[in-house]
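These notes concern the structure reproduced below.
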Amino acid sequence: MQIVYSSAHKAHFGQSELMDGVFHPSFECPERAELILSTLKDNELGDVIDPKDFGIVPILRVHNPSYADFMRNAWERWTAEGNSFDMLPLVSPGRSSVSGREPSALAAQAGWFSTDMLTPITSGSWDAAYHSAQVALTAQELVSNGEQAAYALCRPPGHHAGAAYSGGFCYLNNAAIAAEALRATGASRITILDIDYHHGNGTQDIFFERSDVQFVSLHADPSWEFPFYLGFEDETGAGPGEGYNLNYPLPKGTDWAAWSEPFEAACNAVDQYGPDVLLVSLGVDTFGGDPLSTFRLESSDFRKIGERLKRLNRRTIFIQEGGYAVGDIGKNVFNVLAAFEG
Ligand code: SP5
Ligand code: ZN
């Protein structure tokens, strides 16, 4: 299958993620995408193509214009205020201290438009996030034009980003942007199947009241794992979206035996919905060696994921999300995609 990749991701290189009270080098680093790319090339998965530029319009089908403006201009404003290190929020609006009025000061917007301190804005962040979305849109176009499958090597990832917030290393929700583009080109039902270790809170939030985009997610239980505030089993959708949001929160230490059972249920739910196109939010941070994960999937298990997804027999777009075991990330992604190709 074709691989869509943009080197623009390299310009996004946060120096600082705050974790356990300490700033340390970013887990979400450029090597991730480079190692995926080189492994897929070495193993001849398919041709590597550059993204097309579809402009801002498909991004604004998902994201609030004032959030997009903030993201585009944040670094310039930050440096104009005399700063040179990564931009991170210092304050956040507490649940009881919000007037509903959108703030105008940069420091206020930094907290308003983000959910955590894991997601720095650097000089290249907007450009990288913009091109990551274009990578997803280019894969979407390939599949809309008749390809059975395509792989979008997105970096930064997207599934923690909502309509008006960044978070969890994510700025623009690549899967949601591709889903809206599919709807705009005539597909009537889309499924986003999210198998990243973390719950795709941004994606859920965007489509919670929609029946035309089904969201199905397997992830670490948010009662103890990031993103904490969303991803519980009783979140099943609202209004017309009732029944179209499906969460499978899983316990610490989940291995293939424990993961494959809800995965089978998730696949059956996809079958039942019957989407025109399947979007897979492909995180490989369920891997046993991942520094951010408690799950224990092995590299060979990723082949079984690809085989099962193939049996869904749908046009499929793979969107790269997380995965931080840089030594194994390429192999794990390759195993899913190669097994899908059969
Ligand atoms: C796309 C994606 O996978 N984003 C993930 C963001 C996860 N952030 C994790 C933060 C919590 C990590 N806690 C580790 C504690 C180790 N002592
Ligand atoms: Zn993740």
Side-chain angles (χ1 to χ4, degrees), residues 9 12 14 16-33 35-36 88-89 92 114-121 125 128-129 132-133 135-136 152-162 165-177 192-206 215-231 247-250 252-254 259 279-297 302 305 318-326 328-329 332-333 336:
H9 81 85
H12 171 62
S16 45
E17 278 165 33
L18 183 60
M19 233 176 276
D20 301 326
V22 187
F23 283 106
H24 64 85
S26 298
F27 285 107
E28 204 295 282
C29 58
E31 289 72 35
R32 298 178 56 250
L35 287 164
I36 294 171
L88 282 172
S92 65
S114 71
T115 56
D116 58 49
M117 296 181 73
L118 295 155
T119 317
I121 296 177
S125 297
S132 191
V135 164
L153 208 178
C154 292
R155 178 180 178 270
H159 74 153
H160 298 303
Y165 56 84
S166 64
F169 314 149
C170 302
Y171 306 84
L172 297 176
N173 195 311
N174 305 311
I177 290 166
I192 301 175
L193 175 58
D194 189 326
I195 59 173
D196 187 277
Y197 170 73
H198 305 94
H199 178 249
N201 56 319
T203 314
Q204 168 170 318
D205 197 6
I206 289 163
F215 180 65
V216 182
S217 179
L218 279 83
H219 49 267
D221 191 331
S223 63
W224 50 266
E225 184 57 279
F226 184 90
F228 298 115
Y229 309 114
L230 219 52
N247 283 326
Y248 296 91
L250 305 173
K252 269 181 197 160
T254 293
W259 195 86
L279 281 156
V280 179
S281 266
L282 178 60
V284 293
D285 41 9
T286 47
F287 179 57
D290 195 285
L292 294 184
S293 171
T294 69
F295 285 8
R296 296 188 190 137
L297 266 57
F302 289 97
I305 294 176
F318 292 93
I319 308 268
Q320 187 62 45
E321 302 285 358
Y324 309 97
V326 284
D328 299 275
I329 187 171
N332 293 339
V333 170
V336 174

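Start at 1 with the first residue, then count along the sequence. Note that ligands are numbered from 1 as they come in the structure, with each ligand's atoms numbered from 1 the same way.
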According to ring pair (Phe, Tyr, Trp, His ring centres under 6.0 Å), who are the partners of His198, at least two apart in sequence or on a separate chain?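 Ring pair (Phe, Tyr, Trp, His ring centres under 6.0 Å) check on His198 returns His160, Phe226.
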With carbon and hydrogen excluded and only N/O/S kept, which atom of [X] is nearest the Zn ion (ligand 2)?
X: Asp285; value: OD2
X: His198; value: ND1
X: Asp196; value: OD1

Between Glu17 and Phe27, what is the shortest heavy-atom contact and its length?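 For Glu17 versus Phe27, the nearest heavy atoms are OE2-N, 3.0 Å.
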Can you name the nearest heavy-atom pair linking Gly231 to His219, along with the distance?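 Looking at all heavy atoms of both residues, the shortest contact is O-NE2, 2.8 Å.
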Salt bridge flag under 4.0 Å for residues Arg155 and Glu28: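 Salt bridge between Arg155 and Glu28, a charged N being under 4.0 Å from a carboxylate O: yes.
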When rounded to the nearest 0.5 angstrom, what is the spacing between OG1 in Thr254 and CG in Leu218?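 CG of Leu218 is found 9.5 Å from OG1 of Thr254.
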Working for side-chain contact (heavy atoms from CB on, under 4.5 Å), residues Val333 and Phe318: CA-CA 10 Å; Val333 170; Phe318 292 93; over 6 Å; no
Check each N or O atom of ligand 1 against all protein N or O atoms and list the pairs under 3.5 Å, with atom names and distances to 0.1 Å, one per line.
residue: ligand 1; atom: 3 (O); partner: His198; partner atom: ND1; Å: 3.2
residue: ligand 1; atom: 3 (O); partner: Asp285; partner atom: OD2; Å: 3.1
residue: ligand 1; atom: 3 (O); partner: Tyr324; partner atom: OH; Å: 2.6
residue: ligand 1; atom: 4 (N); partner: His160; partner atom: NE2; Å: 3.3
residue: ligand 1; atom: 4 (N); partner: Gly168; partner atom: O; Å: 3.0
residue: ligand 1; atom: 4 (N); partner: Tyr324; partner atom: OH; Å: 3.3
residue: ligand 1; atom: 17 (N); partner: Asp20; partner atom: OD2; Å: 2.7

Between Tyr324 and Ser293, is a side chain to side chain donor-acceptor pair (under 3.5 Å) present by the stated rule, with each step listed? CA-CA 9 Å; Tyr324 309 97; Ser293 171; over 6 Å; no
